[in-house]
Number of protein chains: 2
Amino acid sequence: MNQSKRFLDIVTDIRDMIRREKIKPGNRIPSERELAEKLQVGRSTLREALRSLELLGLIETRRGEGTFLSDHRNHQLVEVLSTFILQDTQSQEDVWQTRLIHEISAIRTICQNSKLASLKVWDSFRNRLNENESLYREDFVRELMVLSGNRLSLKIWFLLQQYSGNPYQEPVTEDEKEMLLPLLAALEQQDMSSAIDLFKTWSSWLQKGRMQNGNDTRDL
Amino acid sequence: MNQSKRFLDIVTDIRDMIRREKIKPGNRIPSERELAEKLQVGRSTLREALRSLELLGLIETRRGEGTFLSDHRNHQLVEVLSTFILQDTQSQEDVWQTRLIHEISAIRTICQNSKLASLKVWDSFRNRLNENESLYREDFVRELMVLSGNRLSLKIWFLLQQYSGNPYQEPVTEDEKEMLLPLLAALEQQDMSSAIDLFKTWSSWLQKGRMQNGNDTRDL
DNA sequence: AAAATATGAGTGGCCAGACCACTTTCAAAT
DNA sequence: ATTTGAAAGTGGTCTGGCCACTCATATTTT
């Protein structure tokens, strides 16, 4: 059963660690030797995971200095692309809706792929919810997008996500557990319609909160 | 002077080799030991590159068998890998799928909006089909996108459409009437599931035609 | 005292060699 | 002719080592 690739586990382990230790973009993460020791893996295996993350643009390495979480918010390309796509889109509602389109489509794909049903990711998320570990909303949804397997959709989603206000950049609250735990269950059982309904419920719950705050679109 | 990461060079080297040797999706690429020897790098360094490509979904590895070019994808993505950090995913398959996501979402919205059911547009299209007037595929689908009311989605769709090859820039053929007329009917009756099924059928019919033509891989 | 220089610890980059687990192949045994 | 099993080949992983680079500190030079 456990023929899963080690380096993929390490990728998620590292991500978990980053969240747990609250490492922020630009911060340094432990050295390769340190991480290898902590995760009980060889350094070369660990490096395979790190190099993958680097190719994805999630981390930066500087020889002699260390490895750093890359600040994707400063990515120039993101700026260029977004101004291109979002030029004259005044409607925040459209951004929200379009992002939702991609998310729900991802859920559809996931529920149709039986290989994705029995994945340790679900357990991981469930634990983090039950354990009251800090879990960022964005991290959960991004995982869905990644699992869907459509990289382009993932990229579009990522852009939209940055323009959807900030609810995604905050941890899940106590109230949301009641929606997310059933959602995890539905995903595991490949119950597509339930999963979509639950996700929509969560999403509109988030949107409601966003409207009240409304201090969005602050930076950029 | 050679600041560039070795494993990034390897990524592009592998891409070049794949192109040179005309390795096609599903084919096996040389073993790690062989590649390491050929490229004059250590095996672990080579593996860092391979693992990155694997995480990107470009290759598959099967223990005991070998490493294979991933099926569903198009190596056009490999093209872009050199400039990867400025990621610009170009998998044709992803583009197609993502465009489909937006189109089907538009159909969903249309079917849910009763105001759109009794519209003279449907009659107009029906007539043009029956009258054998020349009707461009793109015109029809664009109308769907417009009707959905999401301008951002329309905009993204338009971009994707330009990258999806040219089947959209040609008139509908005789064969397609059998799919499009029922589709129009389903839209009028707000029969969402039928409409989606019919549209998918049409879409995959188009894609099939595209595959036969496009023996491209002609580089950019 | 200030500035230039040397040192050493820590880091990522890379490599060679060694096992292991697994799949395929093909020759030997039945 | 079929089954069995040994060998070769492959990816997965680990160890230990060396190099190149950065940075803070100590040392020497001015």
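Source: prediction; values computed, not measured. Labels below follow one simple rule: chain letters A, B, ... track the order of the sequence lines, proteins then strands, and each chain is numbered from 1.
- Applying the side-chain hydrogen bond (donor to acceptor under 3.5 Å, both in side chains) test to residues at least two apart or on different chains, the pairs with a partner in residues 172-186 of chain A are Asn132(A)-Lys177(A), Arg137(A)-Glu176(A), Thr173(A)-Glu176(A), Glu174(A)-Lys177(A), Glu176(A)-Trp202(A).
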Show the distances under 3.5 angstrom between N or O atoms of the protein and N or O atoms of nucleotides 25-27 of chain C.
none

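- The interatomic distance linking Ile29(A) (CD1) with dT11(C) (P) rounds to 12 Å, in whole Å.
- Both Gly66(B) and Arg33(A) lie close to DNA chain D; mapped to their nearest nucleotides by heavy-atom distance, the more 5′-ward contact belongs to Gly66(B).
- Of all the residues in residues 39-48 of chain B, Arg43(B), Arg47(B) reach under 4.0 Å from DNA chain D with at least one non-hydrogen atom.
- Using a 4.0 Å cut-off between charged side-chain N and carboxylate O, Arg33(A) and Glu37(A) make no salt bridge.
- In this entry the distance linking CZ of Phe68(B) with P of dG9(D) reads 16 Å, nearest Å.
- Atom CD1 of Ile59(B) is separated from atom P of dT10(D) by 15 Å (rounded to the nearest Å).
- One interatomic measurement links the two molecules: CG of Leu35(B) to C1' of dT10(D), which rounds to 12 Å at whole-angstrom precision.
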Q. Hey, mind stepping through Asn150(A) and Ser153(A) against side chain to side chain donor-acceptor pair (under 3.5 Å) and telling me if it holds?
A. CA-CA 5 Å; Asn150(A) 185 330; Ser153(A) 180; 4.9 Å; no
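- Under the side-chain contact (heavy atoms from CB on, under 4.5 Å) criterion, Leu198(B) pairs with Pro182(B), Leu183(B), Ala186(B), sequence neighbours left out.
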Q: Start with the C-alpha gap between Glu54(B) and Thr61(B), add the side-chain angles, then the distance that decides, and say whether side chain to side chain donor-acceptor pair (under 3.5 Å) holds.
A: CA-CA 8 Å; Glu54(B) 184 174 1; Thr61(B) 55; 3.3 Å; yes
Protein-nucleotides 6-10 of chain C N/O pairs closer than 3.5 Å?
| unit_1 | atom_1 | unit_2 | atom_2 | d |
| --- | --- | --- | --- | --- |
| dG10(C) | N2 | Gly64(A) | O | 3.1 |

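- A search for side-chain contact (heavy atoms from CB on, under 4.5 Å) contacts involving Ala106(A) returns Met145(A), Ser148(A), not counting sequence neighbours.
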